[in-house]
Colleague: 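Structure provided below as structure tokens; questions to follow.
Letters A, B, ... are given to chains in the order of the sequence lines, protein chains preceding strands, and every chain is numbered from 1. Predicted model only: the values in this text are computed from it and were never measured.
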There are 2 protein chains.
Amino acid sequence: MTSSERPRRRGRPTAPLLSQEKITRAAVELIEIRGYTALTMAALARQLGVAPSALYNHVSSKRQLLLWLQDHVNQEIDCSDFGARPWDAALESWARSYREAYARHALLVPVIAVTPIAGSPHTVAMYEKVAAGLRAGGWPDDQVMDVVVAVESFVLGSALDAAAPDDIFDVPGDQAPVLAAVVGARVGRDTARAAFDLGLATVLAGLRDRLKALGT
Amino acid sequence: MTSSERPRRRGRPTAPLLSQEKITRAAVELIEIRGYTALTMAALARQLGVAPSALYNHVSSKRQLLLWLQDHVNQEIDCSDFGARPWDAALESWARSYREAYARHALLVPVIAVTPIAGSPHTVAMYEKVAAGLRAGGWPDDQVMDVVVAVESFVLGSALDAAAPDDIFDVPGDQAPVLAAVVGARVGRDTARAAFDLGLATVLAGLRDRLKALGT
DNA sequence: ACCTGAACACCGTTCAAGT
DNA sequence: ACCTGAACACCGTTCAAGT
């Protein structure tokens, strides 16, 4: 693998142009500037000043690249409150940070939701921290992952919603009068944020009650 | 093709081979049998016994086709409890039916989350019913959509999670001992279902409390 | 009006050839 | 070991031509 296969005939081997880190960084840059539709292997190669086929010496497929991106994004999620503050406060700041990260990477959501985490070191580290925080907070082992997955489902759904246009529910008032009325009643607000705040507060309140009930 | 090519001048025009309904039905069939990756315009045309380019006389793009599919899937969501039972019971059965429908159409989730509903009649009808049910249950107009979107976010996130493999959180125990322990503590269960049930019960409990608090 | 067949620009990926 | 350039199979979509 690492093949230090001898003299290499006396000249030092020229350093490779590419690496996982360089490729990931270039992909992130590309996405931030031009969006996910611009993330093609050809565009990525172009950004790196290299032929498209050269990428395949370092990454096995585009899907693999997306998994690298996932781990990179997960690295930015702040879970430092676990262990430092009560489990529910930590869960809240984690959820907010999590949503924010994936609101900018909505197209990653369907990929990450179904991909085993084992190959993604930062992702594993994140879950370890969250699980430890919940356990320390008093959650029984057999419910910890249910709590994590439930909150995560809400967060990822909210991240998708955050990418939606503001007028997504606009509709001619005559065919859906109640809908038109309740949609109209929230004009001017940051609607996606309001829904997320309401939902998160609701989930946290419900979880606190549930844990309390477990104790009695 | 079948071209009963008759007078065609004074004869009634031959009925077109395609229609929105036929195309949608064929697409659903294709997806159910071979999955979303098999849904290409070429495969769809093949299924309908027609040239790929013929599709574009009826549907403007593949994205438009996905929107038809969305409306078709939404039509299967059961929201009949709204108006017939208390708002929280109706919300629960709606959420369960909603998740089930999209667990089978996970690849549609990122599309529907960002697409205006106006062009989708069944979708509009669904939201109208849900909004009316919540309003009748006592929710103030300016919070109805927040509740709907919050629950919907959780539901769609859970639908994605339902498509995940069971071993998604499996990890070598030495590098993440707590995670390995809590993941191991739920073996044998339908993990996605357990997380959804816990989350849904939590959300509903939280919403009931919130509405009660509003009343006082 | 609605279909066919050829064509286009693009996609991810493979592979022989070079160093 | 790692890169280039040519090639492949496929994708969604367009369009002139037929009826």
Colleague: Consider the side chain of B/N57, meaning its heavy atoms from C-beta on, and name the nucleotide among D/dC3, D/dT4, C/dC2 that approaches it most closely.
Modeller: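 Closest nucleotide to the B/N57 side chain: C/dC2.
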Colleague: For the side chain of A/Y56, counting heavy atoms from C-beta on, which of C/dC3, C/dT4, C/dT14 is nearest?
Modeller: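 Given the options C/dC3, C/dT4, C/dT14, the side chain of A/Y56 is closest to C/dT14.
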Colleague: Of all the choices, C/dT13, D/dG5, D/dT13, which nucleotide is nearest to the side chain of A/S53 once you look at every atom?
Modeller: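 Among the listed nucleotides, the one closest to the side chain of A/S53 is D/dG5.
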Colleague: Any idea how A/Y36 and A/H105 line up, ring-wise: parallel (<30°), tilted (30 to 60°), or perpendicular (>60°)?
Modeller: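 Answer is perpendicular, since the angle exceeds 60°.
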Colleague: Less than 4.5 Å apart, side chain to side chain, heavy atoms only: is that true for B/V109 and A/V109?
Modeller: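 No, side chains not in contact.
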Colleague: Suppose we screen for ring-ring contact (aromatic ring centres under 6.0 Å, His included). Which residues come up paired with B/Y102, at least two apart in sequence or across chains?
Modeller: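 Listed in chain order: B/Y98.
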Colleague: Charged N to carboxylate O under 4.0 angstrom, B/R96 versus B/E92?
Modeller: yes
Colleague: For DNA chain D, please output the secondary structure as dot-bracket, reading 5' to 3'. Pairs are Watson-Crick or G-U wobble, both atom distances under 3.5 Å; mark crossing pairs with [ ], other-strand partners with |, unpaired with a dot.
Modeller: ||.|||||...|||||.||
Colleague: Using the side-chain heavy atoms of B/V50, tell me which of these nucleotides is nearest: D/dT13, D/dC3, C/dT4.
Modeller: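 For B/V50, the side-chain atoms sit closest to C/dT4.
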Colleague: Whole angstroms only, please: what is the CG-P distance between A/L55 and C/dC11?
Modeller: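 Atom-to-atom, A/L55 to C/dC11, this comes out as 13 Å.
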Colleague: So that I can tick it off, tell me whether A/R25 and A/E21 are bridged by a salt bridge, with the cut-off set at under 4.0 angstrom between side-chain N and carboxylate O.
Modeller: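 Looking at A/E21 and A/R25, the cut-off is met.
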Colleague: In this structure, which one of B/L204, B/D197, B/T202 forms a side-chain contact (heavy atoms from CB on, under 4.5 Å) with B/L200?
Modeller: B/L204
Colleague: In residues 21-45 of chain A, which residues come under 4.0 Å of DNA chain D by heavy atom?
Modeller: none
Colleague: Contact list please: residues 58-68 of chain B against DNA chain D, heavy atoms, distance less than 4.0 Å, in numerical order.
Modeller: B/S61, B/K62
Colleague: Find the distance B/Q20:CD to C/dC2:P and express it as a whole number of Å.
Modeller: 14 Å
Colleague: Please list, chain by chain and in numerical order, all residues satisfying ring-ring contact (aromatic ring centres under 6.0 Å, His included) with B/W87, sequence neighbours excluded.
Modeller: B/W139
Colleague: Among B/V148, B/I77, B/V144, which one satisfies side-chain contact (heavy atoms from CB on, under 4.5 Å) with B/V130?
Modeller: B/V148
Colleague: Could you check whether the rings of A/W94 and A/F82 sit parallel, tilted or perpendicular, using 30° and 60° as the cut-offs?
Modeller: perpendicular
Colleague: Which pairs, with at least one residue in residues 47-71 of chain B and sequence neighbours excluded, count as a salt bridge (charged side-chain N to carboxylate O under 4.0 Å, His left out)?
Modeller: none
Colleague: Within the structure provided, determine whether A/L44 and A/L65 are in side-chain contact (heavy-atom separation under 4.5 Å).
Modeller: yes
